[in-house]
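Note sheet for the following structure.
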Amino acid sequence: MADLQRRFPNEPEYLQAVEEVLTSIEDVYNEHPEFERYNLVERLCIPDRIFAFRVSWVDDKGKVQNNMGYRIQHNNAIGPYKGGIRFHASVNLSILKFLAFEQTFKNSLTTLAMGGAKGGSDFSPRGKSDMEVMRFCQAFIAELWRQIGPDTDVPAGDIGVGAREVGYMYGMYKKMARENTGTFTGKGLEFGGSLIRPEATGYGNVYFLLNMLATRGIDIKGKRVAISGSGNVATYTAKKLLELGAKVITMSDSDGCIYVPDGLTEEQLDYIFRLKNFYRGRISEFAEEYGCEYVSRGTPWCYPCDIAMPSATQNELNGDDARTLLANGCIAVSEGANMPSTPEAIKEFIAARILYAPGKAANAGGVSVSGLEMAQNAQKITWTADEVDQKLRGIMAEIHHECEVFGKEEDGYINYVKGANTAGFMKVATAMMAQGIL
Ligand code: NDP
């Protein structure tokens, strides 16, 4: 860690993600002196390669705009590089390196053959017209297309990149590469997308939560769940929870948070879905429509709830939030976002012995169904929604099992952080050892 801190002092998110993993794999690492001999851990922490490029595009006023574009190919020991693309003003190398690092362990946990990658730009689709988004996506891919491919590196969506952006990027990729092999997942159903891919991260997180609750014999029905975000992950998490009889009491965006103490109805959730996906509106408009509480700049963690499912962004839940949640009786936290809890918050959850699932385990359903989309594309077949959903449930149960095997402590408590990191690490490490020093 000291060495990485010296070499990458301006990359706090990357260092945070690495430290969490290294701390929890210490025991198993020390059982394998050969890892040390081959300096495996350093090779696993530093990305295989990083592409950084300028993306120039023309806005609706005819003005030329310049953004930065990146792709981090972190590790391909167990399969092609795989990971989403994020378009958000906050994107920088540190954030993408943390996401690519996390993705490597997450993909390893899925049981599918996928390495880890991440990409993105500091371009924000917010407030841009469709044509501006299209021109940006085309300019981004004009630069990146040579580095990706169905067996090389397969991107997908993330914050700010949904079906619209994936469609524009995939269209441009096909034009440049002159092939139709399904590079990109999260595609439209008409051109190689998989059923249940849009739902997969949110549904998968709920399936993981059900597995956790089952270890303590707790029923989800009637439980009050605080969700942050109102994007892809948050809305499908809420949809599955409503289906199972839980109450979704909060949702948010980067401007503020709504609070609905009796829980959202299906009609209200549908309103949020349309508001966000078709009108690209703000969550405050929901409060205006339904007259509920809205706190500008507020977050969900101050409201009494049984379960918290942070599903917006990194470091959105800090130590104080964790203490408030615990004081209010929260029994489980299952992360839809990547690294939403700060290290201090994680310490609080584990010290309190509540059920706590880190994103790399709980939100792995998205990339799992992306892996299934790649499998369908390769075979040129389509599975039914039910088939994909069954496979997703199976994968989430398997990830839970791996966490249990590697994370169970002497007092019977399942430390999901330790379990997920150790299981993810061992598979990648073993594959790297077998393939030599590359
Ligand atoms: P979306 O862009 O669909 O939604 C993101 C949501 O989070 C929006 O409500 C957004 O609000 C809010 N948000 C974004 N940045 C911030 C911020 N800095 N502070 C507060 N709120 C913020 O993204 P996704 O739902 O796809 O992704 C959400 C999280 O889940 C991310 O951490 C992502 O990495 C992770 N994830 C996503 C997967 C997927 O399949 N999509 C898979 C695995 C993990 P606003 O509209 O105001 O920007």
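Order of listing sets the numbers, starting from 1, for every ligand and every atom in it. All values below come from the heavy atoms of this structure, side chains included, with hydrogens, waters and symmetry mates left out.
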What is the closest protein heavy atom to [atom], and at what distance does it sit?
atom: atom 4 (O) of ligand 1; answer: Gly231 CA, 3.3 Å
atom: atom 33 (C) of ligand 1; answer: Asp158 OD1, 3.1 Å
atom: atom 16 (C) of ligand 1; answer: Thr313 CG2, 3.7 Å
atom: atom 24 (P) of ligand 1; answer: Val233 CG2, 3.8 Å
atom: atom 3 (O) of ligand 1; answer: Asn232 N, 2.9 Å
atom: atom 13 (N) of ligand 1; answer: Ala312 CB, 4.0 Å
atom: atom 42 (C) of ligand 1; answer: Thr201 OG1, 3.3 Å

Does any N/O atom on [X] come nearer than 3.5 Å to any N/O atom on ligand 1?
X: Lys106; value: no
X: Gly160; value: yes
X: Asn338; value: yes

Cation-aromatic face contact Lys128/Phe136, 6.0 Å, 45 degrees: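 No, Lys128 does not lie over the aromatic ring of Phe136.
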Lys NZ or Arg CZ of Lys239 over Phe273 ring: under 6.0 Å, within 45°: no
Which segment of Gln314 sits under 4.0 Å of ligand 1 when only heavy atoms are counted: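 For Gln314, there is no contact with ligand 1 at all, from either part.
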Within reach of ligand 1, part of Ser252 (heavy-atom separation under 4.0 Å): backbone
Centroid-centroid distance, Phe208 to Tyr416, less than 6.0 Å: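 So the answer is yes for these two rings.
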Sub-6.0 Å ring centroid separation between Phe123 and Phe140: no
Taking [atom1] in [X] as the centre, count heavy atoms belonging to other residues, nucleotides or ligands within less than 6.0 Å. Is the count above 12?
X: Lys223; atom1: NZ; value: yes
X: Glu267; atom1: CD; value: no
X: Glu266; atom1: CD; value: no

Would you say the side-chain atoms of [X] pair up with the backbone N or O of [Y], donor to acceptor, closer than 3.5 Å?
X: Thr430; Y: Met426; answer: yes
X: Lys174; Y: Asn180; answer: no
X: Asp306; Y: Arg224; answer: yes

What atoms in ligand 1 come closer than 4.0 Å to a heavy atom of [X]?
X: Ala337; value: 29 (C), 30 (O), 32 (O), 35 (C)
X: Arg197; value: 40 (O)
X: Gly229; value: 9 (O)
X: Ser311; value: 28 (C), 29 (C)

Measuring from non-hydrogen atoms of [X] to any atom of ligand 1, is the shortest distance under 4.0 Å?
X: Ser90; answer: no
X: Arg282; answer: yes
X: Ser230; answer: yes
X: Gly162; answer: no
X: His88; answer: yes

The one among Ser254, Ser124, Ala362 that brings a heavy atom closest to atom 47 (O) of ligand 1: Ser254
Nearest option to atom 36 (N) of ligand 1, as decided by whichever heavy atom of Ser370, Gly366, Gly336 sits closest: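 Looking at heavy atoms only, Gly336 sits closest to atom 36 (N) of ligand 1.
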Residue of the set Lys106, Glu335, Met339 for which side chain to side chain contact (heavy atoms under 4.5 Å, CB included) holds with Lys360: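 It is Lys106, the one option of Lys106, Glu335, Met339 that forms the side chain to side chain contact (heavy atoms under 4.5 Å, CB included) with Lys360.
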Criterion side-chain hydrogen bond (donor to acceptor under 3.5 Å, both in side chains) against Gln73, the qualifying member of Lys82, Arg49, Gln147, Lys118: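 The single option meeting the side-chain hydrogen bond (donor to acceptor under 3.5 Å, both in side chains) with Gln73 is Arg49.
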Mutual orientation of the aromatic rings belonging to Phe425 and Phe105 [parallel < 30°, tilted 30-60°, perpendicular > 60°]: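 Rings of Phe425 and Phe105: parallel, as their planes differ by under 30°.
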